Structure formats: structure tokens, C-alpha cells
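Predicted, not measured: the structure shown is a model, and the values here were computed from it. To find a chain, count down the sequence lines: A is the first, B the second, and so on, and within it residues start at 1.
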Number of protein chains: 2
Amino acid sequence: MFTKVLIADDIDFNDLGAAQILNELDVLEIQYAKYCDEALLKIKKAHLDGAPFQLLISDLSFKADHQLNKLNSGEELIAAVKKQCPNIKIIVFSIEDRAHRIKLLFDELHIDGYVIKGRNTIYDLKRAIQKAYNNEPENVSPELLYLLQDKTTREIDNYDVRLIKYLSIGISQENMETVFKQEGISPNSKSSIEKQVSKLKIYFKANNTVHLVAIAKDLGII
Amino acid sequence: MFTKVLIADDIDFNDLGAAQILNELDVLEIQYAKYCDEALLKIKKAHLDGAPFQLLISDLSFKADHQLNKLNSGEELIAAVKKQCPNIKIIVFSIEDRAHRIKLLFDELHIDGYVIKGRNTIYDLKRAIQKAYNNEPENVSPELLYLLQDKTTREIDNYDVRLIKYLSIGISQENMETVFKQEGISPNSKSSIEKQVSKLKIYFKANNTVHLVAIAKDLGII
DNA sequence: AGTCAGATTGTGGTTTACCGTAAGGTGTTG
DNA sequence: CAACACCTTACGGTAAACCACAATCTGACT
């Protein structure tokens, strides 16, 4: 079993539960971080000291407060950690249950497991840690495995996400052409953008653009 | 101090932390509920048995799963509980930090305290329980008190919320007139609706309607 | 190079949104 | 009841979104 584990979670309440599980799994050294930056720092330090963490259990959302942080989400933390220590195992542990966001974690950040905080957390997290240790693939709870099958989320690519994102921050379709050209995003003609928005509306069964953005927000796509 | 407390939270992980705090406060009887319906049932039963709960600590969001529930949010649970047992004290305990939603809890459901799940949860919840026991007003953490001062949320009334809500589910301004008349919402002329949407856009500094709805969703207004 | 399918862009017309202004209603006050 | 402010509704013009169709470009294959 892992011997040195870091838990990154901004809710102090969760430490107790995590500690209990890791004790049951006979993990010797457990450290905690309440901020992303703090977590990265600890991982870097341990790495330099020649006693690296073997597992990071991280939440996704970290509340902003008076402390200024460079990293402000689990995604950013994980990307930074992977860059620094590619060998560390990473399990994400969050209440987020929207397939799209979770899918991205596996596909782009190559995490080693995902546990939804819920009614069976204690059991699920324990299993996930064991699976991560044994390098088992598809390290998610059964209900999530089902969610990840959902096509809806797979057929929405980065272009779509950025398009909807820009719509949601008030860029009109008129101006989208200019913005896309500045950002080097293609296709970027007014006509193409209209067409793509229209496709997305059909795809998500949205009556209009307002509806589309609301749906995308609900699904966690933006 | 309270002697009988119910905790309604669907994340099993949180039970440990809550139990620790309540033990420190010498609360004798602590019960847990993972579903809203379950929580209401326990409260009803205790009431009928002549040994009612004195305090309910409830989360706001409860995940849906295979179990069908009549009540599906903390708000619904609290409304139902208040109806049944007006004397029970209620503290809401959630990660929700958006002023608008919290404000509604105090103004319409008359809760006795609010604690944001965060880095100081253990301290904050303990204080909140003591304050609720002593009937102290404004039972929130200092940072939240500041948030609740924010005017933004006070000046948005029910009409605005419904308007934005309908926009977000794909009702065009064209059709809003018909919908509002059916629902008995007034004013309902196309002109009035246009005007109100326009006001809201100015208020929230939104470039267009899409942007407005996105902002409203981010603020937790809808 | 030539062909072709599919993607991208362009164009014109229709609908909806947007915005200013004016007309109509309602309630208050002297 | 006249005067007034304020709210609601109506109207008209402009801009943006929407939609169908046509033109152009692109890359793969022969």
C-alpha cells in the first residue's frame, strides 16, 4: 500500500474522514493542504527531499479567500503536479457529478481515479485507493462508469466549449468572428459560428442561445 | 446546551466531523439522515413520541439517486420541518456561499444560523450552535455577514427571478407575454418585459440576454 | 493534375431582440 | 376633480440572430 499520501481539500471537516480511511489502509504518513499552492509546494518539497508523495487525493473546487493563490482549482493543481512529478498517482475526490467535467480529468489530466463525495464515500474512496495502488483502469464507482458512457459529453469538443464560454460572457455572434480571429480559433466566420451554435442548439434541444448557455452551465460544460 | 440534534447531510464523510463537534458541546443524542425525506420522518416521529429534536443541522443540496424522495433540497426540507415543528432551531450547513440564496433562507425560511463549509468549519459550526442555543441574531460568520450586506441581492425581487428563470429555460421574450399571462404574473406586456430585461442587464452589467442569464446562474439567483 | 466530398465562408431574407419615445392607466395629493 | 408622478402598454425603427441556399476552399484519393 501507499506509504505517503497528500490530501488537498479546503474543507477542514473532510480531514477526519480521510484520515480514518487511510489509517484503515495502514498508510503511514498523511499530510493535508487547504490551498492548491500549499499542496503543490508540499509535493515539490517532498520530491526534492527524496521522499516524494505516492498519492495525491484532491478536491476540485477551492474557495477563494484572503490568501492569494496561483492555482485555484483541482484541475490546475493536478496539471502542475503532473508536470513536476509525473509518477505520482492522483485520485480526485469531489462532489462534482457532471460527466463532462469528470471525463476531461481522465482524458486530459490522466488521473488515476475519481470518487464522488456522496452517501458511500467511505467505501468508494477506500476501493479507489486500492485500485489506484494496483494500477487498475476505470477507477470509478459503477454509477459513474455509467455516466461516463454518456455520449452527450464526448461529442462536445474544445471548440464547442470555447464557443459557448464566449457566448456566456456576453460576446455576441456578431463579434465572435473578431474574437476568434484574435485568439487564432478556426473556423471563425460569422456564418460558421452561426452554424455551430445552431448545431449545438439542436444537440442540446435548446430553444435559443440563452437556453443553450443555461443548459451548458447546468451540465458543467462551461 | 441542546440535548437532541439531527444532522441531515448526504455525504457520509461529514458525519464524523459533526459528531466530534457535538460531542465537544456535550450533546447527548445525535442522529443522522442521508435523505431529506428520512430527516423529515425522524423529526415527525420524535415530535409524536414527545421527544422532539431541538436542532436540525441541514445541508442544502442532496444528490438524487435510486431512492425516490418527495423533498429534494435543504430548502424544501426546512419548509416542511418548520410547518411541522415551528419551534425547532435550524442551522444550515453548506458549501453554498452565494449571498442571494443564503439571504432567502433567513428572509423566507427564518433559519437560525448559517455556516459555510470551508477552512474553519469546525470552529464556525461550534460557534453557530452555541449562538443558536442562545438565540443570538445574525448567526453567521463575519465574512458572510459582509456578503449579506451586498445590495445586489436585495434589489432583485421575485418577479426578476421568475423572469430570468423563464429566459433560462428557453422562453423567448416574444412568448414571455403569453406565459406570464397564463401564470398570472404581472406586468406581462411584451414592452414591460423588454424593459425589465433591459434594466436587469444594466444592473448586472450584462452585454446581452445570454450574458445576463449566465451571470444570474453564477450568482445563484436562478 | 483532376475529382470529389466535406468543411468553410458568403449572401439575402425573415424573425426576434433591442431601444427610444409616446400613449394610456392608476393612485395620490392638495 | 385637477394635477401630478409613476407604472404599464403600445409603436416604430435599428441591430442582431436565425435560416436556407450558394459559392469557395481544402484535403484525400486516384
Side-chain angles (χ1 to χ4, degrees), chain A residues 151-152 154-219 221-222, chain B residues 151-152 154-219 221-222:
Chain A
K151 276 195 311 181
T152 309
R154 275 197 305 233
E155 294 173 2
I156 300 303
D157 62 16
N158 209 263
Y159 181 83
D160 295 321
V161 173
R162 285 198 280 185
L163 178 54
I164 299 175
K165 189 85 198 173
Y166 278 121
L167 287 173
S168 79
I169 60 171
I171 312 288
S172 67
Q173 291 181 42
E174 296 286 323
N175 298 333
M176 198 68 74
E177 182 163 358
T178 317
V179 173
F180 270 29
K181 277 175 182 160
Q182 281 169 358
E183 301 282 324
I185 303 170
S186 165
N188 49 34
S189 74
K190 196 185 155 195
S191 180
S192 293
I193 286 159
E194 279 178 1
K195 197 150 294 178
Q196 195 59 19
V197 172
S198 169
K199 262 193 200 169
L200 288 168
K201 281 190 293 193
I202 294 168
Y203 192 82
F204 287 111
K205 298 181 182 60
N207 298 339
N208 52 42
T209 311
V210 176
H211 195 189
L212 173 65
V213 169
I215 291 171
K217 275 200 165 287
D218 285 339
L219 292 177
I221 288 170
I222 56 171
Chain B
K151 277 194 312 182
T152 309
R154 273 197 306 233
E155 295 173 2
I156 300 303
D157 62 16
N158 209 261
Y159 181 82
D160 295 320
V161 173
R162 283 199 280 184
L163 178 54
I164 299 176
K165 189 86 197 171
Y166 278 120
L167 286 174
S168 79
I169 59 171
I171 312 288
S172 68
Q173 291 181 41
E174 296 287 322
N175 298 333
M176 198 69 73
E177 181 164 0
T178 317
V179 173
F180 270 29
K181 277 175 181 158
Q182 282 170 358
E183 301 283 323
I185 303 171
S186 165
N188 50 35
S189 74
K190 196 184 156 195
S191 180
S192 293
I193 285 159
E194 280 177 2
K195 197 148 294 180
Q196 194 60 19
V197 171
S198 170
K199 263 193 200 171
L200 288 168
K201 280 191 293 195
I202 293 167
Y203 192 83
F204 287 110
K205 299 181 182 59
N207 299 339
N208 51 43
T209 312
V210 176
H211 195 191
L212 173 65
V213 169
I215 291 170
K217 276 203 164 281
D218 285 338
L219 292 177
I221 289 169
I222 55 171

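Between B/Asp160 and B/Lys199 there is no salt bridge, since no side-chain nitrogen of the basic residue lies less than 4.0 Å from a carboxylate oxygen of the acidic one.
Here the closest non-hydrogen pair linking A/Gly170 and B/Asn207 is O-ND2, 3.2 Å. For A/Thr209 against A/Val197, the heavy-atom pair with the smallest separation is OG1-CG1, 4.2 Å. Closest of all the heavy-atom pairs between A/Asn208 and A/Lys201 is C-CD, 3.5 Å. For A/Gln173 against A/Leu167, the heavy-atom pair with the smallest separation is CG-CD2, 4.2 Å. Nearest heavy atoms, B/Glu177 versus B/Asn188: CG-O, 3.0 Å.
A donor-acceptor contact shorter than 3.5 Å links the side chain of B/Tyr159 to the backbone of B/Pro187.
In this entry the distance linking CD of A/Glu177 with P of C/dT9 reads 8 Å, nearest Å. If you take CZ of A/Phe180 and P of C/dT8, they are 12 Å apart, rounded to a whole angstrom. Protein atom CD1 of A/Ile185 is 16 Å distant from nucleotide atom C1' of C/dT8, rounded to whole Å. Regarding B/Leu167, its CG atom lies at a distance of 15 Å from the P atom of C/dT16, rounded to whole Å.
Nucleic acid contact class of A/Ser192 (heavy atoms, under 4.0 Å, all strands): base.
For DNA chain D, the span of nucleotides reached by chain A at under 4.0 Å from its heavy atoms goes, 5' to 3', from D/dA16 to D/dC21.
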Note to self: Evaluate B/Tyr166 against B/Ile193 for side chain to side chain contact (heavy atoms under 4.5 Å, CB included), listing each step before the verdict.
What the structure shows: CA-CA 12 Å; B/Tyr166 278 120; B/Ile193 285 159; over 6 Å; no
Notebook entry, point to check: Along nucleotides 18-25 of chain C, 5' to 3', which nucleotides get a B, which get an S, and which get a -, given that the test is a protein heavy-atom distance under 4.0 Å?
Noted result: BB-B----
